[in-house]
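So the structure is just underneath, and the comments pick up after that.
We use all heavy atoms of the structure for the numbers below, so side chains are in, but hydrogens, waters and symmetry mates are not. Chain naming here is simple, since letters A, B, ... match the order of the sequence lines and numbering starts at 1 in each.
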Amino acid sequence: MNVIRYQNQGRSDLAHAFDRFAALRDEMDRLFNNSYGPVFRTPGSFSRWAPALDVYQDKDQFTVVAELPGLKKEDIELSLQNGVLTISGERKQEKKSEEGYRNERFFGRFQRSVTLPTGVDSSKVKATYEDGILKVALPKAEEAKPKKIEVSVG
Amino acid sequence: MNIVSQENQKTGQQSTQQTAYVAPYVDIEATDSGYGLYVEMPGVNREGIEITVEEGNLIVAGHREPLAVSGEPLHRETRQLDFRRVYELDPSIDASKISARIEQGILTVNLPKAENLKPRRIALD
């Protein structure tokens, strides 16, 4: 199973510093009309944010849990294609005034993908969003469920 | 800095000795009438929130119930620890008027300034 792109892990001050630096760099890029070119634009750039994500498995289903505080249900998009679950969306700022005193939170678009280890029944996938936690239940396809095979002694 | 910002070192040390907490991400906005705190607490509901004012400190804590998920974890990034953060309260804030609400894991705390400290225009006689 592969889970890709998560940069907030550990949430260290250093990571914060990098985020700040990335934001500054973005500003600079705009200012100098992107004269640095694509060199600093790696896909794993610190300037993106990604929600923390868990994957659980029992005999009948997988459950993908993502921490997504502060979204609206309508702003979360889910897609399932070739056994890859993709969670994407956009977090909008709820603040009233433009001037922040101190900002640590991330806003804007995000996307995470999970490659599920076995086939799932895409028609039975269910998602709930409560207390800022997205839960996606993906029932396993019949052929992916463990089966007991009786040994007959002849 | 004269605002709600400085993390209280002493309390921070105490908390690491007792229980492990996660410091939530917080945005602070400053307006003429006071301050607003936007605290990210995914997995925390109304019942899990505890906001206290103690010796000039504002303590914001959130307890999360264990995730109701069946099965074994295959991959984990979330930390199932409670949230906690301590701020030193600016004396201009009227502690008796602090209000808060939580919606989809975002705790909003309103810290209004005391009425007599708000900027106002004085009309001439």
Say whether A:Y56 and A:V84 are linked into one hydrophobic cluster, either directly or through other cluster members, by side-chain heavy-atom distances under 4.5 angstrom.
no

Find out if a path of hydrophobic residues (ILVMFWY) with successive side-chain heavy-atom gaps under 4.5 Å connects A:I133 to B:M41.
no

Enter the distance from A:N103:CG to B:I28:CD1 here, rounded to the nearest 0.5 Å.
9.0 Å

Heavy-atom check, side chain of A:L53 versus side chain of B:T78, under 4.5 Å
no

Turns out that what part of A:K135 lies under 4.5 Å from chain B's heavy atoms comes down to side chain

At a heavy-atom separation under 4.5 Å, does B:R64 approach chain A through its side chain, its backbone, both, or neither?
side chain

If I measure from the heavy atoms of chain B, does A:Y129 come under 4.5 Å with its side chain, its backbone, both, or neither?
both

For atom NZ of A:K147, decide whether the heavy atoms of other residues, nucleotides or ligands shown that lie under 6.0 angstrom number more than 12.
yes

Between A:E67 and B:R79, is there a salt bridge with N-O shorter than 4.0 Å?
no

What part of B:V44 gets closer than 4.5 Å to chain A, counting heavy atoms only: side chain, backbone, both or neither?
backbone

Checking salt bridge (Lys or Arg N to Asp or Glu O under 4.0 Å) for the pair A:R112/B:E77: CA distance, chi angles, key distance, verdict?
CA-CA 13 Å; A:R112 299 248 9 222; B:E77 293 164 358; 2.7 Å; yes

Which pair of non-hydrogen atoms, one from A:G132 and one from B:P42, has the smallest distance, and what is that distance?
O-CB, 3.9 Å

Taking all atoms of both residues into account, what is the closest heavy-atom pair of A:G70 and B:I106, and its distance?
CA-CG1, 3.2 Å

Shared hydrophobic cluster, B:V39 / B:I98 (ILVMFWY, side-chain heavy atoms < 4.5 Å):
yes

Atom CG of A:D131 and atom CD of B:E103: how far apart are they, to the nearest 0.5 Å?
11.0 Å

Treating Ile, Leu, Val, Met, Phe, Trp and Tyr as nodes and any side-chain heavy-atom pair under 4.5 angstrom as an edge, say whether A:L78 and A:V55 lie in one connected cluster.
yes

Assess whether a salt bridge exists between B:R85 and A:E104, defined as any Lys/Arg side-chain N lying under 4.0 Å from an Asp/Glu carboxylate O.
yes

Selection from B:G105, B:G48, B:G36 maximising heavy-atom pairs under 4.5 Å formed with chain A:
B:G105

Do B:L107 and B:L37 sit in one hydrophobic cluster, given that two such residues count as connected whenever their side-chain heavy atoms are within less than 4.5 Å of each other, even indirectly?
yes

With side chain to side chain contact (heavy atoms under 4.5 Å, CB included) as the criterion, how do B:H75 and A:V64 come out once you've worked through the C-alpha distance, each side chain's angles and the decisive distance to 0.1 Å?
CA-CA 9 Å; B:H75 177 86; A:V64 176; over 6 Å; no

Going through the distances and angles, do B:E40 and A:R91 end up as a salt bridge (Lys or Arg N to Asp or Glu O under 4.0 Å)?
CA-CA 12 Å; B:E40 285 191 0; A:R91 178 152 62 192; 3.1 Å; yes

Heavy atoms only: give me the nearest B:S70-A:D58 pair and the separation to one decimal.
OG-OD2, 2.6 Å

d(B:Q104 CD, A:L71 CG) to nearest 0.5 Å is 8.5 Å

Is there a side-chain contact between B:L67 and A:D54 in this structure, where contact means two heavy atoms from C-beta onward sitting under 4.5 Å apart?
yes

Is the closest side-chain heavy-atom distance between A:Q93 and B:D27 below 4.5 Å?
yes

More than 12 non-hydrogen atoms from neighbouring residues, nucleotides or ligands closer than 6.0 Å to CD on A:E77, yes or no?
yes

